[in-house]
Amino acid sequence: MAELTWLAIPLMAGLGASIWAWYVSRPHPKDVWTDVERHDRIRAAFGRIVSERG
């Protein structure tokens with residue numbers, strides 16, 4: 001049984017590497033301006049929170 005456990009370790013590593021490779025190779029959206037606008041809104045919201053506390 002211990003031998004089968006040692007076989008599970010490389011199999012799980014291979015499965016994890018396969019899932020990671022699949023995720024990385026997927027086309028990701030390239031809508032940079034939406035991301036920038038979202039970042040600006042979050043930064044402004046955090047700025048309001050900090051200024052209310054200070």
Side-chain angles (χ1 to χ4, degrees):
M1 190 67 184
E3 294 84 9
L4 293 177
T5 303
W6 280 107
L7 283 176
I9 294 170
L11 287 175
M12 287 299 172
L15 179 64
S18 298
I19 291 171
W20 177 77
W22 170 78
Y23 177 75
V24 169
S25 67
R26 286 181 27 219
H28 297 289
K30 305 240 187 250
D31 191 6
V32 175
W33 295 114
T34 302
D35 290 341
V36 170
E37 291 169 0
R38 186 178 306 132
H39 174 73
D40 287 341
R41 286 195 311 263
I42 291 171
R43 189 178 62 197
F46 283 142
R48 285 191 303 269
I49 291 170
V50 170
S51 64
E52 289 173 1
R53 290 184 180 190

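Any value given below was found using the heavy atoms of this structure, including those in side chains, with hydrogens, waters and symmetry copies removed. Treat the numbers as computed from the prediction; the structure is a model and nothing was measured.
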Is there a path of hydrophobic side-chain contacts, each under 4.5 Å between heavy atoms of I/L/V/M/F/W/Y residues, joining Leu15 to Trp20?
no
Answer with yes or no whether the hydrophobic clustering places Met12 together with Ile19; edges join I, L, V, M, F, W, Y residues whose side-chain heavy atoms lie under 4.5 Å apart.
yes
Please list, chain by chain and in numerical order, all residues satisfying salt bridge (Lys or Arg N to Asp or Glu O under 4.0 Å) with Arg48, sequence neighbours excluded.
none
